[in-house]
Amino acid sequence: MPVALPLSIAAVLHGANDLRIEQRTAWPPRAGEAQVAVLTTGLCGSDLHYFRHGRNGDFALREPLVLGHEAAGVVTAVGEGVTHITVGQRVAIEAGVMCRACAHCLGGRYNLCTRLRFASSAKTFPHLDGTLQTRMNHPAHVLHPLPENCNSDRAALAEPLSVVLHAIRRASLQPGQSVLVLGTGSIGILACSLARMLGASRIAAADINRARLDWALAHGVADDIYHVPSVHSRPTDSLKTKGNPADEGIRRSKDNATEALSNCGMLDGFDIVMECTGVESSAQMGIFCVRTGGKLMLVGMGTPTMSLPISAAALREVDILGTFRYANTYPSALAMLASGHLRGVDHLITHRFPLDRAADAFQLLQNGVDEKGNIVLKVVVEPPPSVSL
């Protein structure tokens, strides 16, 4: 008698603003894979770009794609050869699947693997589906068992925390150093919280969004905040605007940096600046906010080509370091989340939606505030109530 296979419900993106709820057969996992019932998926800015535009930068949809890559769930089946996880075990899902054979992988920097496939990304074809589905098969070697005191909400934050942890490792943050975080979305807030946990002596945050700054201050993740003025709110000197517009933008960023350092009482600058927006003016401001001999970490991904005051960095030996995703971070990130020592983390998730309302979740993320005017930070999607896992 044929065996009836379970069904999976998925939110499938077919094009810009075309997200469809579909039923799919949940096929048994192949050798080396495990099947996971996805319990929580956090929505990311890259997911929103795909939802709104059908692409994220240069990576455009070439076939229907399931979004989502910040997720946790419970194992429902394991394939041949899988021994480190068992059915019923709770796991965090690391979305990147590396080749494990190239020089980058063998050297421990698998995030740079040129053959890496990332769930929910259209970079590779065929695309690798993400986690906005009730069941998915995924290579078991990138499924990470959850420690005690780490529920699925916390575990879903292991992905954005991994981005931050990788960046802070590259910055070689030492206890007692000062940190400025530019941008207080979920990545920026986690950067503040992790810097505090690792012993930073002074943590400041800057953003154009006052409500997010107030949140960071209220939850104790930042010691100081600076509200970056909008382009049109700072008066300009007409004599200084007759030249290159790029030069005027840099001058404005330098003025913002000077004011921020003065407000924070850090006239010599910060040891490490974490730029978490990907916006040109923010990266410019970051160079001026770093102390002589300090480090600017480019964490945010946004403007692909920027005009930067390189001499202001080079003449002061400011190191500008890029960072891309993460490698070998999940066990540490999960342990940190389970420890309860990351401030504000349990308040970071502000809104929840069932999977069949995923489009509404994306719309709220885009709006930035809900119908009551409440701030939107991390939006998570969960299985619909009708689904039995």
Side-chain angles (χ1 to χ4, degrees), residues 44-45 160-161 163-168 170-171 173 177-196 198 200-217 219 221-231 233-234 249-291 294-304 306-310 312-313 316 318-324 344 348 368 375 377:
C44 172
L161 181 59
V163 171
V164 171
L165 177 57
H166 180 69
I168 283 182
R170 281 185 52 73
L173 172 66
Q177 288 187 313
S178 57
V179 177
L180 170 64
V181 175
L182 301 177
T184 49
S186 56
I187 291 287
I189 287 172
L190 286 169
C192 291
S193 187
L194 182 57
R196 185 175 297 284
L198 296 178
S201 61
R202 190 75 171 274
I203 301 162
D207 203 309
I208 61 172
N209 188 314
R210 181 71 200 206
R212 289 183 173 181
L213 291 172
D214 290 341
W215 190 101
L217 204 58
H219 288 84
V221 300
D223 301 307
D224 300 288
I225 57 174
Y226 174 68
H227 186 208
V228 181
S230 67
V231 173
S233 66
R234 184 181 290 281
I250 290 174
R251 186 193 68 79
R252 189 184 303 112
S253 296
K254 184 176 182 180
D255 288 346
N256 290 340
T258 300
E259 187 173 87
L261 294 178
S262 177
N263 287 1
C264 295
M266 298 289 291
L267 297 182
D268 292 333
F270 288 83
D271 295 308
I272 297 171
V273 174
M274 309 280 288
E275 201 300 299
C276 298
T277 72
V279 175
E280 179 182 68
S281 59
S282 184
Q284 294 168 348
M285 181 178 168
I287 289 176
F288 293 117
C289 284
V290 182
R291 70 162 177 81
K295 296 177 181 177
L296 170 65
M297 299 303 306
L298 300 180
V299 184
M301 297 181 65
T303 309
M306 296 183 181
S307 177
L308 298 177
I310 291 299
R316 297 186 302 122
V318 168
D319 294 337
I320 302 175
L321 299 177
T323 178
F324 181 65
L348 196 55
I375 187 174
L377 288 173

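Fair warning: this is a prediction, and the values are worked out from it, not measured in the lab.
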Applying salt bridge (Lys or Arg N to Asp or Glu O under 4.0 Å), can you list everything that pairs with D214, at least two apart in sequence or on another chain?
R210

Distance-only side-chain donor-acceptor flag, E275 / T277, under 3.5 Å:
yes

To the closest 0.5 Å, what do you measure between OG1 (T323) and CD1 (I168)?
10.0 Å

With no hydrogens and no angle check, is any side-chain donor or acceptor of R170 less than 3.5 Å from a backbone partner on M297?
no

Any side-chain heavy atom of I272 within less than 4.5 Å of one from S178?
no

Could you tell me whether a side-chain N or O of D207 sits under 3.5 Å from a main-chain N or O of T184, the two making a donor and an acceptor?
yes

Donor-acceptor pair, distance only, cut-off 3.5 Å: does the side chain of R212 make one with the backbone of G183?
no

Check the pair L296 / D319 against side chain to side chain contact (heavy atoms under 4.5 Å, CB included), numbers first and verdict last.
CA-CA 6 Å; L296 170 65; D319 294 337; over 6 Å; no

Rounded to the nearest 0.5 Å, how far apart are NE2 of H227 and CG of L213?
6.5 Å

Could you walk me through whether L298 and L321 satisfy the side chain to side chain contact (heavy atoms under 4.5 Å, CB included) test, starting with their C-alpha distance in whole Å, then the side-chain angles of each, then the deciding distance to 0.1 Å, before giving a yes or no?
CA-CA 6 Å; L298 300 180; L321 299 177; over 6 Å; no

Whether the side chain of Q284 engages the backbone of S307 through a donor-acceptor N/O pair (distance < 3.5 Å, no angle test) should be reported.
yes

Just how far is it from atom CH2 of W215 to atom CG of L377, taken to the nearest 0.5 Å?
6.0 Å

Nearest non-hydrogen partners of V290 and V318, listed with the distance:
CG1-CG1, 4.0 Å

Side chain to side chain, V299 and V164, heavy atoms closer than 4.5 Å:
no

Electrostatic pair D271-K295, nearest N-O below 4.0 angstrom:
no

One should read off an interatomic distance between F270 CZ and R291 CZ, to the nearest 0.5 angstrom, of 12.5 Å

Which distance, rounded to the nearest 0.5 Å, do you find between the SG of C276 and the CE of M301?
13.0 Å

Does some side-chain heavy atom of Y226 sit less than 4.5 Å from a side-chain heavy atom of L261?
no

Could you give me the CA-CA distance, side-chain angles and deciding distance for M285 and V228, then say whether side chain to side chain contact (heavy atoms under 4.5 Å, CB included) is met?
CA-CA 10 Å; M285 181 178 168; V228 181; 4.3 Å; yes

Provide the closest heavy-atom pair for R316 versus F288 in the form atom of the first, atom of the second, distance.
NH2-CA, 4.3 Å

Heavy-atom closest contact (E280 atom, L308 atom, distance):
O-CD2, 4.4 Å

Say you draw a straight line from OG of S282 to CG of L182; how long is it, rounded to the nearest 0.5 Å?
4.0 Å

Minimum-distance pair of heavy atoms, taken over all atoms of D224 and L217:
N-CD1, 4.5 Å

Are more than 12 heavy atoms from other residues, nucleotides or ligands located less than 6.0 Å from atom CD1 of I208?
no

Under 3.5 Å, is there a donor-acceptor pair between the side chain of S193 and the main chain of I189?
no

When you measure from the side chain of S253 to the backbone N and O of G249, does any donor-acceptor pair fall under 3.5 Å?
yes

Work out which heavy atom in A195 is nearest to a heavy atom in L173; give both atom names and the distance.
CA-CD2, 4.0 Å

Kindly indicate, with the supporting measurements, whether the criterion side chain to side chain contact (heavy atoms under 4.5 Å, CB included) is fulfilled by M306 and V279.
CA-CA 9 Å; M306 296 183 181; V279 175; over 6 Å; no

Ignoring hydrogens, what is the shortest heavy-atom contact between S201 and D223? Give both atom names and the distance.
O-OD2, 4.2 Å

